[in-house]
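First the proteins, then the strands, lettered A, B, ... as listed; each starts at 1.
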Amino acid sequence: MSTRLRKGQAPTKRMAHVWDASKCIACGACVLSCTSTNNPDMMTREEKGWHSVASNIRRIDSVTAQGRPEVLLVQCQHCEDAPCLATCPFGATYMDDNGMIRLDPRMCAGCSYCVTSCPYNVRWFHPDSKLPKKCMGDTCLELVADGLQPACVQACPAGARDYGDLNDPDSSVSVTLRTKRSRRLLENAGTEPKYFVVEGS
Amino acid sequence: MTKDVFKETLSRRRFLVGSAAVAAGALLANKGWVDAQPFFTPEGVDIEGLERAGFLVRHTICHQCGAGCGLTALVKKGAPPSEESMLIFPNQSPDHPQPGMCGRGATAPYTWNSPLRLRKPLKRVGARGEGSFEEVTWDQALDEIGAKLREIVERDGAKAVAFSTHDYANEMRLLAWPLGSPNVISQASTCNTAGVVGRRWMMGSGFDHHAVIDPDYENVRYVLFPGRSLNAPMGAVHRLAKAREHGAKVVFLNPAHPDVAFASADWIPCVPGTDAAFMLGVANVLVNEKKYDEGFILRYTNLPFLLKADGKPLTQADLQEGGDANVFALMGEGNEIVFHTDDGLRPDLTYAGSVTLADGSEAPVTTAWNRLLEHLADYTPTHAAQIAGVPAATITRVARELFAMQGVVEDTWYNTRNGNDTDAIMGLMTVNALLGNLDKPGGMCFRPSTKLPGMIGISSGTVNLVTGDSFILEQTKRIDQEIYPETNATFDAVIQGILDEEPYPITGLFLTGATIFHRDPNVARAIEALEKLDLLVTVDVVHQEICDWSDYVLPAEMFLERDHIANVGWTQTATVARQQKVTDPPPGVDARPDAWIMLEILRRAYPQRAAMVGHYDWMSDVATWKNEWLHRVEELRIEGLAHAWNRDLEQVKAEFTEKGFITFQEQRYGGTPYNRAFASPSGRLEVYAFRPVLRGYREHGFATYFDPPAYTMPRADEFFLVNGKSPIGGSGVAGLAFPTQYLVDNRLWLNPADAERLGIAMDDEVEVEGLDTGWKAKVNVNVTPRVIAGTAFVYSYSGGHRQKVVADDPRFAKLSKGLAPHWFSRSWVDPVTGANSNNASVRIRRA
């Protein structure tokens with residue numbers, strides 16, 4: 001199991017999500033699989049904050065500067081300089097040795113500072129526990145701990161999602177990021193996100 | 001509270017196994033799957049090991065839409081049916097031609113145990129449309145339906161009873177044909193009829209089905225999708241993604257931006273109903289710039305054939321006393337007449353002159369090629385662009401790219417939209433003919449026959465079952481075929497039969513998996529018809545709006561509960577898949593197989609006719625029927641399949657169990673038309689379609705653009721209303737799944753330019769009024785550049801569900817919002833093809 005990093009410690013791995021926008025067909029399988037895998041109790045309940053399905057992945061429809069329709073899938077970016085980590089008064093939000101931003105529910109008071117401070121607006125509140133939820137969900141954490149891919153990666157019918165270690169030059173995500181053009185979201189927010197969007201030609 | 005969450009976290013186990021862990025629903029949040037994990041390895045799935053560990057592997061075919069993607073389920077042995085005891089994921093075999101699970105398939109477990117699932121037979125107790133029912137026993141429902149059916153048949157005749165479905169035609173034929181009714185009429189006319197007829201006119205029967213010819217997705221270099229969103233099947237999406245990796249260019253021509261176009265594809269927005277003009281503009285560029293395959297045109301199309309002044313082909317019968325009218329004439333290179341049946345033809349593509357007919361008179365003739373050049377002269381890129389609302393340069397560019405990259409134009413699936421759609425299909429096939437890119441890597445290729453015997457079929461009036469049972473059906477011509485000579489199925493003829501009693505009255509209607517309110521245009525007219533029926537029986541999985549109008553509603557088994565064997569579509573391999581039962585229905589759901597329901601109704605009305613199809617009173621018990629009737633039918637089909645491919649039966653069965661599918665023939669190139677002729681009158685790809693000319697349907701055989709006849713053309717500040725499917729909720733069943741309402745936009749899309757002009761902002765409520773139907777409805781607006789100016793778009797199945805159970809359940813509140821596009825379309829039907837039309841024109845105002 002991965003462990004909580006202490007102050008000054010660096011993660012041994014830098015696990016990152018890659019979403020290939022040039023392959024995504026916006027079918028919703030990843031969004032739905034996230035909910036059914038991590039929060040199955042929410043499959044017949046609306047996420048009141050977003051008035052949507054209670055997924056750790058949000059779909060945002062937008063338009064490029066050139067007027068081209070664009071869909072964006074947003075989730076926890078597992079930032080290397082995560083605002084949510086800095087603002088949590090209780091130490092509930094932390095980075096583990098895989099470089100993932102985690103939440104320890106035992107230490108969380110539900111103050112919502114992390115929700116407010118996240119520039120990506122990807123945390124949501126569970127209506128029963130009143131605690132924030134985000135990627136990765138508990139079941140996906142178990143999956144990756146077993147060396148398996150998270151649910152969203154496995155659900156994608158178009159092969160548009162990947163998850164792996166940036167520190168490993170041979171990992172599929174490293175290869176993709178070396179060979180394809182990609183970007184990070186809100187780059188100038190200074191959060192050093194580890195969620196990469198591969199762009200189309 | 002925090003402590004509870006901690007306990008909840010600790011109690012979770014590892015549910016997902018191997019690469020099989022996908023969108024499998026709430027079932028994942030349960031204990032016990034960790035034990036299955038070691039059996040999923042990169043080398044494959046150890047089925048025997050899983051069974052030893054207490055798990056069963058069940059392969060099935062997704063039926064959350066009609067595409068039939070390959071799924072696999074892992075089931076806990078001996079566990080009661082529940083979400084916790086099954087895990088569903090895409091078929092893992094890399095050889096499966098159609099594996100996958102989109103947002104629709106991911107909702108399967110929620111359909112299985114949906115609050116909207118039909119649980120018991122229902123009998124209407126209120127007015128039609130009110131949605132008031134009482135639960136009754138199966139015996140009561142079937143007895144009463146049987147008695148009413150008998151009353152109708154004896155009063156109005158068997159043909160007064162009609163049947164409609166999306167996927168269960170054979171099951172319905174088990175009731176209809178022994179009864180004596182030919183009227184099993186699918187929903188084709190609101191889906192694929194225009195394309196089927198277009199392909200039949202150009203390539204002949206056997207080449208007309210929408211799943212028979214498709215791009216070789218994995219190897220395409222350039223593919224243009226006119227009017228198709230490719231939201232299914234997932235195997236095609238997956239193969240196309242591979243082609244993209246190798247640099248394939250993908251282009252969508254569509255009034256609305258398809259979801260799949262997000263995946264790095266070009267989108268060319270066009271005015272609805274103008275595809276034919278666009279394609280003929282492309283053809284114009286190809287011929288003017290000599291960017292065509294002349295060898296292919298000479299050998300495999302009918303463009304070198306001679307046409308008379310009246311547009312009919314010159315035949316041997318025209319030239320010789322006692323000649324054959326089915327043998328067509330060409331001008332040989334030596335300036336002598338040759339016939340298309342001759343060997344070693346070297347025809348003159350550009351001949352124009354006169355020939356001496358059998359009666360001694362002279363007749364002017366010219367080749368179809370010459371006529372094509374004249375015809376295409378009307379479709380300059382500039383003119384075609386004006387019609388289609390695209391830049392002329394785009395048409396020229398697409399034509400050049402298609403030729404330079406040896407591309408293809410996809411031939412569509414759902415294409416009955418504007419009333420001029422058959423010509424759109426003919427136009428795109430004209431382009432494909434000029435490119436000559438057929439049955440080659442990256443070209444348009446053909447699916448071979450799987451040789452899978454059907455459960456029931458008809459030949460020359462004799463009905464044959466795979467069991468060997470056989471009987472005569474006196475009247476084989478369906479009511480729609482009496483009105484529309486070229487149709488493959490036009491349900492509107494049933495509506496006409498109910499309302500107008502022409503050509504004869506329809507007084508009883510059975511529907512299986514047929515949503516009607518989200519399927520058939522002009523809902524107000526459909527309601528008028530439904531109110532007039534003496535008997536309306538609906539068989540379905542979930543409570544559709546049509547149920548509220550039915551006298552009896554019967555709960556059907558869902559695909560997870562069925563055993564079946566079926567062809568795999570949209571692939572160029574000959575593949576058959578096995579649908580194995582994954583689970584029983586959830587507790588409280590007394591669902592029955594569609595075929596059993598039909599047979600039991602028949603038996604209770606006419607026991608002797610049920611015996612004609614091998615169904616007897618001792619089969620009224622479902623388990624007995626499955627063990628006897630169904631098991632025998634499926635065994636015989638597998639036996640027939642094994643025999644047809646000269647395969648060992650036990651090996652075939654074992655392979656189905658192990659993999660869930662068998663590919664009997666891999667993809668081969670170079671078949672049609674090189675070694676196998678088309679089934680058209682000439683045996684060639686008929687760019688100039690002879691069939692409609694010879695039958696008097698048309699004056700000439702070329703694709704032509706004409707304004708859509710299906711609706712009043714919108715004027716200033718009026719809009720085309722078009723619809724399309726989403727890969728999330730785009731089907732009758734998946735559209736009612738709980739999570740779908742949150743993932744599919746059920747607002748009306750308007751282009752920003754239109755919204756600004758009308759003073760409409762994002763999410764504003766507007767009133768939409770059909771120009772032809774007068775139907776008014778309110779809906780919120782999504783202001784988006786994903787739709788061309790002058791057109792409004794809505795996802796079909798995503799909203800406008802008005803059944804009482806939905807209205808009464810606040811969890812499904814969003815399903816009630818939005819529009820059903822069929823409220824606004826008037827149901828214009830092409831008098832020859834029988835193709836109906838789903839698009840409409842509307843007026844939009846701020847509410």
Side-chain angles (χ1 to χ4, degrees), chain A residues 20-41 43-47 51-54 59 61 63 67-71 105-110 126 128-131 138-140 142-143 145-146 148-149 151 154-160 199-201, chain B residues 1-6 8-9 12-29 37 83 89-90 100-107 109-110 115 230-231 234 237-238 241 244 257 259-264 267 726-728 738-739 742-745 782 784-786 811:
Chain A
D20 191 336
S22 74
K23 291 182 176 176
C24 178
I25 61 168
C27 76
C30 61
V31 178
L32 195 50
S33 71
C34 175
T35 305
S36 58
T37 302
N38 295 298
N39 296 287
D41 56 316
M43 287 306 293
T44 52
R45 302 169 72 181
E46 182 185 45
E47 201 293 299
H51 299 293
S52 181
V53 65
R59 169 180 166 154
D61 283 82
V63 183
R68 180 188 166 96
E70 183 182 50
V71 69
R106 294 171 299 182
M107 302 172 73
C108 179
H126 193 285
D128 296 337
S129 70
K130 313 297 184 193
L131 297 183
D138 296 327
T139 310
C140 281
E142 295 185 9
L143 285 173
D146 286 340
L148 303 173
Q149 290 285 33
Q154 300 185 48
C156 180
E199 298 181 312
S201 54
Chain B
M1 189 176 297
T2 304
K3 188 179 176 184
D4 289 342
V5 173
F6 181 46
E8 173 190 304
T9 304
R12 286 212 177 97
R13 303 284 300 276
R14 304 179 188 97
F15 316 115
L16 298 181
V17 285
S19 58
V22 287
L27 49 102
L28 299 179
Q37 183 184 315
E83 291 94 335
F89 43 87
M101 177 188 274
C102 66
R104 281 170 295 228
T107 61
Y110 309 100
L230 199 68
N231 67 82
M234 285 301 108
V237 171
H238 187 65
R244 278 204 190 98
H257 178 262
D259 294 290
V260 179
F262 280 124
S264 209
W267 169 48
S726 156
I728 305 171
F738 177 85
Y742 297 106
L743 297 178
V744 184
D745 185 4
N782 178 11
T784 173
R786 294 188 67 191
R811 290 172 296 180

One option among B:A263, B:P739, B:A241, B:G103 has the most heavy-atom pairs under 4.5 Å with chain A, and it is B:A263
B:N782, B:V744, B:L743: which one forms the most heavy-atom pairs within less than 4.5 Å of chain A?
-> B:L743
Tell me, side chain or backbone of [X] under 4.5 Å from chain B's heavy atoms, or both, or neither?
X     : value
A:V53 : both
A:E47 : neither
A:V71 : both

Evaluate the side-chain proximity of A:R68 to B:W267: yes if any heavy-atom separation is below 4.5 Å, no if none is.
-> no
Mark yes or no for whether A:S22, through its side chain, and B:S264, through its backbone, hold a donor-acceptor pair below 3.5 Å.
-> no
Hey, does the side chain of B:R811 reach the backbone of A:E46 with a donor-acceptor pair shorter than 3.5 angstrom?
-> no
With only heavy atoms counted, which part of B:V260 is less than 4.5 Å from chain A, the side chain, the backbone, both or neither?
-> both
Test side chain to side chain contact (heavy atoms under 4.5 Å, CB included), reference A:P157, set B:M234, B:H238, B:M101, output is B:M234
Can B:D745 and B:R786 be counted as an ion pair, charged N to O under 4.0 angstrom?
-> no
